[in-house]
Amino acid sequence: MQVITINAPGLEWQAKCLADRVGREHKGNFDAIVAVRRGGSFVSEAFRKYFPRERYGERFEVDLHRPSTKYKKGRLVKMLPHVPLWILNTMRLSEARLLKARQAMFPNRKKPNVDLEPALVDLLKSTPKPEVLLIDDAIDSGITLWGIAEAIKAVNPAAVITTMAITVTTRHPKIMADYYMYNNSTLVRFPWSKDFKNR
């Protein structure tokens, strides 16, 4: 397990690599791109710069307030820029180990409540077999993307969902990315991460 930092130019390069690969390997067009708000939004924006505009339709976002992010607010966040990088890396590795232990103890976690945008619901209902590209920055437990995918399928069971993330950090997430840059327990510090240090 390792921690790496990706700055803004690095994200652009990663997004271009993914856009090139999806463009080569995915035969159809996407009726919608759905991004998980914040991290997935940034990845989606970068991805769309390099993916042919004629190959995707509308773009939507899904906002989920996950319980694991509650503690990442307040005084601790203000201190992070002043904490040495090796300590930040240790904190991330510890958090990842706790997540893996939690996954082993509670493998059947409930899917999150997901509210899809009304315009996305309309598109799903009006398209016989909609193709959706679902984007997040990282897949840890996979519960988030799985919950969104289930919500999409609940509206239209014929929907074809393709998933994409920069990194997959666990061995057996609830839903796997079809396209990714890392799938070897690589923890990525993004420009929008609370502990990002631009070096």
Side-chain angles (χ1 to χ4, degrees), residues 2 4-64 66 69 96 99 111-112 114 116-117 119-120 123-124 127 129-156 158-193:
Q2 64 174 338
I4 65 171
T5 298
I6 296 177
N7 59 14
L11 176 66
E12 290 288 320
W13 178 79
Q14 306 255 358
K16 183 179 186 309
C17 291
L18 285 168
D20 290 345
R21 185 176 163 210
V22 175
R24 286 193 314 271
E25 298 180 11
H26 189 82
K27 301 308 178 189
N29 296 333
F30 296 106
D31 298 292
I33 291 178
V34 179
V36 180
R37 185 161 289 150
R38 201 139 194 283
S41 303
F42 292 120
V43 175
S44 169
E45 285 299 311
F47 173 84
R48 292 189 307 134
K49 292 178 186 176
Y50 303 102
F51 195 69
R53 180 62 188 90
E54 66 274 10
R55 294 197 57 191
Y56 67 91
E58 297 182 62
R59 178 185 176 275
F60 303 92
E61 291 188 348
V62 176
D63 191 8
L64 292 180
R66 287 156 283 194
T69 62
L99 173 63
K111 62 185 173 187
V114 177
L116 302 177
E117 292 182 49
L120 174 56
L123 185 149
L124 294 171
T127 308
K129 192 176 180 181
E131 293 221 24
V132 178
L133 177 61
L134 189 51
I135 298 178
D136 204 355
D137 54 356
I139 294 178
D140 299 315
S141 67
I143 296 292
T144 297
L145 285 191
W146 173 65
I148 297 171
E150 290 290 298
I152 291 171
K153 289 282 192 178
V155 176
N156 188 336
V160 178
I161 300 171
T162 302
T163 54
M164 189 188 89
I166 298 294
T167 186
V168 180
T169 66
T170 56
R171 188 170 296 175
H172 302 292
K174 190 74 174 177
I175 189 171
M176 181 57 186
D178 298 298
Y179 298 96
Y180 52 82
M181 293 297 291
Y182 304 99
N183 181 25
N184 56 356
S185 297
T186 296
L187 308 178
V188 177
R189 180 179 292 109
F190 295 100
W192 52 88
S193 300

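Quick note: numbers below take in every heavy atom, side chains included, and nothing from hydrogens, waters or symmetry partners. Model, not experiment: these values are computed from the prediction.
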Indicate the atoms forming the closest heavy-atom contact of Ala177 with Ala165, along with that distance.
CB-N, 4.2 Å
Mind checking whether Val132 and Phe30 have side chains closer than 4.5 Å, heavy atoms only?
no
Distance from Met176 atom CE to Arg171 atom CZ, nearest 0.5 Å?
12.0 Å
Taking side chain as C-beta onward, heavy atoms only, is Leu123 less than 4.5 Å from Phe60?
yes
Run the side-chain hydrogen bond (donor to acceptor under 3.5 Å, both in side chains) check on Thr170 and Asp140 step by step: do they pass?
CA-CA 6 Å; Thr170 56; Asp140 299 315; over 6 Å; no
Is the backbone N or O of Leu187 less than 3.5 Å from a side-chain atom of Thr167, with the two atoms forming a donor-acceptor pair by type?
no
Minimum heavy-atom distance between Pro191 and Ala8, given as atom pair plus value
CG-N, 3.7 Å
Under 6.0 Å from the six-membered ring centre of Tyr56 and within 45° of its axis: does the NZ or CZ of Arg59 meet both?
no
Any donor-acceptor N/O pair, Lys153 side chain to Ala159 backbone, under 3.5 Å
yes
Any side-chain heavy atom of Lys174 sitting closer than 4.5 Å to one from Ser141?
no
Please assess Arg55 against His26 for the test side-chain contact (heavy atoms from CB on, under 4.5 Å), listing each intermediate value before the final yes or no.
CA-CA 10 Å; Arg55 294 197 57 191; His26 189 82; 4.2 Å; yes
Would you name the heavy atoms of Phe51 and Ala19 that are closest together and state the gap between them?
CD1-O, 3.7 Å
Should Glu61 and Val34 count as side-chain neighbours, where that means a heavy-atom distance under 4.5 Å?
no
So, does Thr127 use its side chain to make a donor-acceptor pair with the main chain of Lys129 at under 3.5 Å?
no
Val36/Thr144 under side-chain contact (heavy atoms from CB on, under 4.5 Å): CA gap, chis, key distance, verdict:
CA-CA 8 Å; Val36 180; Thr144 297; 4.0 Å; yes
Is any side-chain heavy atom of Phe47 less than 4.5 Å from a side-chain heavy atom of Ile33?
yes
Any side-chain heavy-atom pair from Ile148 and Ile152 closer than 4.5 angstrom?
yes
Is it the case that the side chain of Gln14 and the backbone of Ile166 share a donor-acceptor pair, with hydrogens and angles ignored and the cut-off at 3.5 Å?
no
Walk me through it: do Lys49 and Glu12 pass the test side-chain contact (heavy atoms from CB on, under 4.5 Å)?
CA-CA 9 Å; Lys49 292 178 186 176; Glu12 290 288 320; 3.0 Å; yes
So, does Arg189 use its side chain to make a donor-acceptor pair with the main chain of Ile6 at under 3.5 Å?
no
Distance in Å, Lys27 NZ paired with Glu131 CD, rounded so as to fall on 0.5 Å steps:
12.5 Å
Between the CG atom in Leu133 and the OG atom in Ser44, the distance rounded to the nearest 0.5 Å is 7.5 Å
Partner residues of Trp192 under the side-chain contact (heavy atoms from CB on, under 4.5 Å) criterion, sequence neighbours left out
Leu11, Arg38, Phe42, Val43, Asp137, Phe190
State, yes or no, whether a side-chain contact exists between Leu134 and Thr162 at a heavy-atom distance under 4.5 Å.
no
Distance in Å, Tyr179 OH paired with Met164 CE, rounded so as to fall on 0.5 Å steps:
10.5 Å
Value rounded to 0.5 Å, distance of CD in Glu58 from CD in Glu117:
9.5 Å
With the threshold set at 4.0 Å, does a side-chain nitrogen-carboxylate oxygen contact exist between Asp20 and Arg24?
no
Short question: side chain of Asp31, backbone of Gly57 - any donor-acceptor pair under 3.5 Å?
no
What's the spacing between Asp136 CG and Ile175 CD1 if we round to 0.5 Å?
11.0 Å
Thr169 side chain reached by Ile139 side chain, heavy atoms, under 4.5 Å
no
Donor-acceptor contact below 3.5 Å, side chain Thr163 vs main chain Asp178
yes
